[in-house]
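Before any comments, here is the structure.
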There are 2 protein chains.
Amino acid sequence: MNNIRVFLVDDHPVVRAGLRAMLGDLQGITVVAEAADGGAALAGLAKLHTLGEPADVVLMDLQMGAGMDGVTATGRIKAGEAGQPAPPVLILTTFDSDADILAAVEAGASGYMLKDAPPEQIRQAVLSAAAGGTALAPEVAARLMGRIRNPEPALSVREIQLLELLATGMGNRAIAKQLFISEATVKTHLVHIYGKLGVDNRTAAIAVAAQRRIIRRP
Amino acid sequence: MNNIRVFLVDDHPVVRAGLRAMLGDLQGITVVAEAADGGAALAGLAKLHTLGEPADVVLMDLQMGAGMDGVTATGRIKAGEAGQPAPPVLILTTFDSDADILAAVEAGASGYMLKDAPPEQIRQAVLSAAAGGTALAPEVAARLMGRIRNPEPALSVREIQLLELLATGMGNRAIAKQLFISEATVKTHLVHIYGKLGVDNRTAAIAVAAQRRIIRRP
DNA sequence: CCTGCGATCAACCAAAAGGTTGATTCCGCC
DNA sequence: GGCGGAATCAACCTTTTGGTTGATCGCAGG
C-alpha cells in the first residue's frame with residue numbers, strides 16, 4: 001500500500017482547504033482527516049488508530065500555544081502504543097526563527113516547512129516524511145547550517161527561552177516566576193546572554209536577538 | 001451579470017489554493033486571477049482591465065511590506081482611470097493589530113477579515129464587498145469600537161523618535177547624547193511614553209510599540 | 001491675551017537591573 | 001572516574017531606570 005494518509009492540523013480553514021486541494025490532487029496522497037487545534041488533532045489521531053486506519057503523516061501548523069504540545073503529545077502516542085509507531089509530524093509554519101525551529105526539532109518534528117514554499121516543495125516534504133525521512137525547507141536548513149558552522153555565540157535552549165520572555169517586556173521577577181526559577185538564576189542567564197550577544201543590557205539583547213532571528217517578531 | 005470576478009493576492013501558494021477552492025465552489029463567484037505580491041497584483045489588474053474583463057473584488061493578504069502599498073495603489077487606479085471604478089479591496093490577514101486595521105481602513109480597504117474566519121464569513125465578505133458594501137470581521141469591528149470608545153493617546157513625534165532609539169538598545173545617556181538633550185529630559189519623555197502605552201519599563205514599551213507598528217522593525 | 005501642551009531641565013529617592021564571586025547539582029563525554 | 005558545561009541559587013555591590021515634583025520656554029488656538 002503506497003497511498004499516503006495525511007492528517008491536517010491548522011486553525012485556519014483557508015489553509016486547510018488549500019492543503020487539501022494541493023495534496024489531494026496528487027496521486028498517492030490522501031487527506032484522511034483534519035483538525036483545528038492540538039486537542040482535536042490528538043482525538044482524531046486516536047480515533048483513526050482505533051479504526052485501524054492510522055494516518056501516515058501529520059501536517060501541523062506551529063502556533064505558540066498548543067502547537068508545540070501537539071508535537072510532543074504525538075510523540076507520546078508512540079511511547080504508549082508499543083507496536084504502533086506514531087506518524088511523523090511535519091511542521092508547516094509562517095515563521096523561521098531559530099527559537100521555533102529548535103523547539104520543533106527538539107520536540108521530535110521530522111520536518112519543518114514554510115507556508116510560502118512552492119507546492120512541489122511541500123509535496124516532496126510530505127512524501128519524504130511518510131518514508132521516514134526528514135524534510136527541511138532550504139531557508140531553514142541554511143539557518144541550521146549557519147548555526148553549526150558559526151561557533152558564534154550558541155545560545156542554549158534555556159537562554160533562548162529567556163530571551164523570548166525578555167522581549168515581551170517582562171521584568172526579572174516575572175520571568176523568574178514564569179520559569180519557576182529564582183531571580184538570581186534569571187540574572188545569571190542574562191549575564192551569559194549578554195556575553196554571547198556582545199551586549200550589556202536587555203534592550204540591546206532583544207534588538208540583536210531579533211535582528212539575528214534568534215527570536216521571532218510577529 | 002451577477003458573476004463576481006475575484007482577484008487573489010497572497011504570497012502563500014497554500015492560502016491561494018485554499019481560497020480558490022473555497023470560493024470557486026460557490027456559484028456566482030469566479031477566481032479570475034492570482035498574484036503573489038503587490039507588484040504582480042497591479043500588473044494583473046491592469047491586464048484584466050485592458051482585456052475588458054476587470055476584477056470585481058481584490059482579496060488581498062496584508063503583509064508588513066508591500067501589502068499596504070497594494071491597497072493605496074489599487075485606489076490610485078481609480079483616480080487615474082476616470083470612468084472605470086477600481087475594484088473594492090478586501091483585506092484578509094492573520095493579524096488584527098490596531099495599527100494594521102487603521103492603516104487598511106485609511107488606505108481605502110472596503111473590508112478586513114481574519115484568515116481563521118469560517119468559510120461562510122469569508123464568502124459573505126466577498127459578496128458584500130462586490131456589492132459595494134463593507135465587511136469587517138466581528139473581532140475587528142469590536143476592536144474598532146473599543147478604540148472609538150477610549151482612544152489611545154497619540155505619541156508626539158519626539159516621543160516616537162525616542163522609542164526608535166530605545167529599540168536599538170541604547171541607554172538613557174546614549175539617547176540623550178544622540179538627541180542633544182539631557183538625561184533628565186530623556187527620562188521625562190520615557191515617563192510620558194510609558195503612560196501613553198500603558199507600560200512601566202522600556203522593554204515593554206518596545207514590545208507594545210512594535211506590536212502596534214508605532215516603530216519599524218526590519 | 002491667556003491657556004494648554006510639548007519640550008526642556010534639575011534634584012531626589014526607590015526600585016530594578018547589571019556585575020562579581022562562589023557554590024551545588026546533574027549531565028554527557030573521553 | 002574525572003572534566004566541563006548547563007542550570008540552579010546566594011550574597012553583595014554598583015549603575016541604571018523609574019517615579020515624583022516642580023520649573024522654564026515657546027508656540028498654537030480660542
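Chain A is the first sequence line, chain B the second, and so forth, proteins listed ahead of strands; every chain is numbered from 1. Note that the structure is predicted; figures quoted are calculated from it, not measured.
In terms of position along DNA chain D, the nucleotide closest to B:Asn201 lies nearer the 5' end than the nucleotide closest to the other residue of the pair B:Thr188 and B:Asn201.
Regarding contacts with the backbone of D:dT8, every side-chain N or O of A:Thr185 stays at 4.0 angstrom or more from both OP1 and OP2. Neither OP1 nor OP2 of D:dT16 sits under 4.0 Å from any side-chain N or O of B:Asn172. Taking 4.0 angstrom as the limit, A:His192 places none of its side-chain polar atoms (N or O) nearer than this to OP1 or OP2 of D:dA6. Close to D:dT8, at under 4.0 Å from its OP1 or OP2, lies a side-chain N or O of A:Arg158.
Nearest to the side chain of B:Ser182, among C:dC9, D:dA10, D:dT16, sits C:dC9. Across D:dG18, C:dT8, C:dC9, the shortest atom-to-atom separation from the side chain of B:Lys187 is found for D:dG18. Proximity note for B:Ala184 (side chain, C-beta onward) versus C:dC9, C:dA16, D:dG19: the nearest is C:dC9. Proximity note for A:Glu159 (side chain, C-beta onward) versus C:dT8, D:dA7, D:dG18: the nearest is D:dA7.
At a threshold of 4.0 Å, the pair A:Asp10-A:Lys115 counts as salt-bridged, since one of the basic side-chain nitrogens sits closer than that to a carboxylate oxygen.
Rounding to whole angstrom units, NZ of residue A:Lys196 and P of D:dG5 are separated by 11 Å. Summarising the geometry, the separation between CG on A:Leu162 and C1' on C:dA17 is reported as 13 Å, rounded to the nearest angstrom. Look at CZ on A:Arg202: it is 15 Å from P on D:dT16, rounded to the nearest Å.
A donor-acceptor pair shorter than 3.5 Å cannot be found between the side chains of A:Thr188 and A:Thr185.
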